[in-house]
Each structure stands twice: as structure tokens, then as C-alpha cells.
Amino acid sequence: MIDSHCHIQFNAYKDDADEVIKRCREKNVTMNCVGSQRDTSVRAVEYAEKYDSIFATVGLHPVHISSTEVDEEEIRFQSREEGFDYEFYKKLASHPKVIGIGECGLELFHLPPNINREEVITKQTVGFMAQYNLAKELRLPMVIHVRDAHQEMIELLSVIARSEGRATKQSLKIKITAPHHHGECSTIAGVVHCFTGNWQFAQEYLKLGLYIGFTGVITFPAKKTDPKSQEELLEVVKNCPRDRILIETDAPYLAPQAYRGKRCEPWMVVEVAKKIAEIRGLSLEEVVKLTEENTRRLFYKINI
Ligand SMILES: [Zn+2]
């Protein structure tokens with residue numbers, strides 16, 4: 001089984017990461033360890049170097065593009081403002097065990113004080129575009145984070161897809177094939193990770209060629225204050241084409257319902273697979289198999 005998105009390099013595991021990784025190995029769980037800024041990206045690569053069962057994704061999370069106080073159920077920190085240093089990340093991402101770029105995207109849930117929404121969107125868009133360019137240059141898939149910003153992200157991705165389409169047509173006209181594209185159609189390769197939106201948004205991402213990543217959130221009971229959002233999310237789990245589903249934990253966050261309140265660990269990803277099996281009327285083995293095939297197709301550098 002592959003946990004397509006976790007943060008085993010985060011401080012939550014600073015005392016016992018080796019034991020957690022051992023538990024994952026015993027349960028045959030391979031991990032994509034995702035960076036959120038410079039230091040966590042460097043550490044992701046270090047873990048990937050040290051362990052066969054860990055691969056790394058490097059990039060800059062939108063929450064770190066401005067300095068913000070993040071205060072949630074399991075976590076409280078002050079994000080540190082950082083610009084995207086293209087050459088730094090390019091060097092890091094050239095490592096054979098780096099399989100993706102991210103997590104990058106738009107985050108409008110944690111808005112920094114004293115700066116307006118439009119400015120935040122502009123800054124995060126610049127960060128995202130730089131990472132898109134890097135992903136394209138290195139032919140790596142993107143790990144996309146979207147929170148309270150589906151409309152904005154879909155617009156941004158559509159603009160990219162349209163301009164890529166034009167660029168492809170132009171290059172065909174003058175008979176130049178970019179070495180990175182080998183003539184294939186240039187849709188955006190990536191996953192919208194920890195998807196919690198509705199089917200309408202999901203369909204837009206699917207049309208753009210993206211995969212949808214589900215976390216333990218799909219195992220949560222509906223919120224009394226907002227039962228509709230869980231219903232809508234489960235509709236996505238039910239309808240998503242089977243060749244576009246990924247499973248992930250986003251550990252240390254979002255422990256599945258069976259372990260709610262505990263620190264999440266990557267092996268708990270089986271709970272996400274179980275829930276998908278239940279909703280889609282499949283066996284657990286089938287879900288494990290299809291999500292693993294999907295993960296390997298997208299993150300094609302996974303070689304174990
Ligand atoms: Zn994450």
C-alpha cells in the first residue's frame with residue numbers, strides 16, 4: 001500500500017520517527033514524504049535517502065508564503081514567510097528519489113492579518129506558478145493543496161491548460177517538439193491532495209487531468225453543524241473514476257475515525273482504503289490494488 005501524502009519528517013515524529021517508519025514497513029506501507037518549505041523539503045529528501053520505503057516531494061506550501069498564525073485542532077504554529085527559490089528547489093528535486101513538486105497551491109482558510117484576500121491570492125499564485133514551471137521542467141507531477149479556494153484554483157489551472165494548449169499548437173506549427181514533452185498532450189500532471197470539496201469541483205479537476213487524493217476525512221462522521229459537506233465529499237468518493245483515486249493520510253494530521261484524537265501515522269492509510277471499499281462496494285484488496293496502480297502511474301519515479 002502507498003500513503004501518497006504524509007509528513008513523517010515533521011516535528012510530531014522527532015522522538016520516534018524510526019519506530020513509526022518501522023511500523024509502516026511491517027505493514028508494507030510505502031510513503032511519499034511531502035515538504036512544506038525549505039527545511040521540511042530537505043528533511044524529506046534525507047528520509048528518502050535513508051529509507052527504501054520513503055520517497056520525497058519538495059516544494060513550498062501556500063501557508064508559508066505569508067506569515068500567519070495557524071491554530072487548529074491538532075496543531076498550532078506561526079508559519080514562516082518564505083519565497084520560492086527556484087534554483088534551490090530545482091537542485092533538491094533533481095534527486096532520484098524526489099517524485100513530485102509540492103505541496104503548493106492556494107490556502108484561503110488561514111488568512112494572514114493586515115493583508116487583503118486579493119493580495120494573498122496574488123502572492124500564492126506567483127508561488128504556485130513558479131512550482132508549476134519547475135514541475136514542467138523536471139517532468140514531475142504536482143501535489144496541490146487547496147483550501148477554501150477551489151474556484152480560484154480551477155480558474156488558475158484552466159488558464160495554464162489553455163496557454164499550454166496554445167503553446168503546443170504553436171510548437172507543432174513550427175515543427176519543434178520540446179524535449180520534455182515527447183509530443184504528448186501537455187495536461188497538468190498532479191493530485192489535488194486531501195480533497196474535501198464537492199463533486200462539481202472534483203469534476204473540474206478531473207477534466208484537467210488531475211487525480212483526487214482522499215484522507216481520513218472521508219471516515220469522519222458528518223458534522224452536526226454542517227452535515228451536507230460530508231455527504232458531498234462521499235459523493236465524490238463514490239463517483240470519482242477508479243483510475244484517478246489516490247489514498248493518503250496527511251500524517252501527522254487527520255487521523256482516521258478509528259484513531260481520532262491520536263497522532264496520525266502513515267500505516268493508518270488502510271482505513272481510508274476500507275472506507276472507499278465500503279462506499280464503492282469493492283473489496284479492500286481491490287481498492288489497495290487500484291490506488292497503488294494509480295499512485296505509481298502518477299508518481300512514475302516510485303521504483304520499488
Ligand atoms: Zn500535507
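Note that ligands are numbered from 1 as they come in the structure, with each ligand's atoms numbered from 1 the same way.
- The Zn ion (ligand 1) is the vertex of the angle joining OD1 of Asp250 and OE2 of Glu103, which measures 180° to the nearest 10°.
- Using modelled atom types, one finds no donor on one side chain facing an acceptor on the other under 3.5 Å when comparing Asn32 with His5.
- Residue-environment remark: CG (Asp16) exceeds the threshold of 12 foreign heavy atoms within 6.0 Å.
- Residue His61: no N/O/S atom is found under 2.8 Å from the Zn ion (ligand 1).
- A salt bridge does not link Glu292 to Lys289: none of the charged nitrogens lies less than 4.0 Å from a carboxylate oxygen.
- At a cut-off of 2.8 Å, His145 does not coordinate the Zn ion (ligand 1) through any N, O or S atom.
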Next on the checklist: For His150 and Phe195: C-alpha separation, side-chain torsions, deciding distance, then whether ring pair (Phe, Tyr, Trp, His ring centres under 6.0 Å) applies.
Outcome noted: CA-CA 10 Å; His150 287 298; Phe195 188 80; 5.4 Å; yes

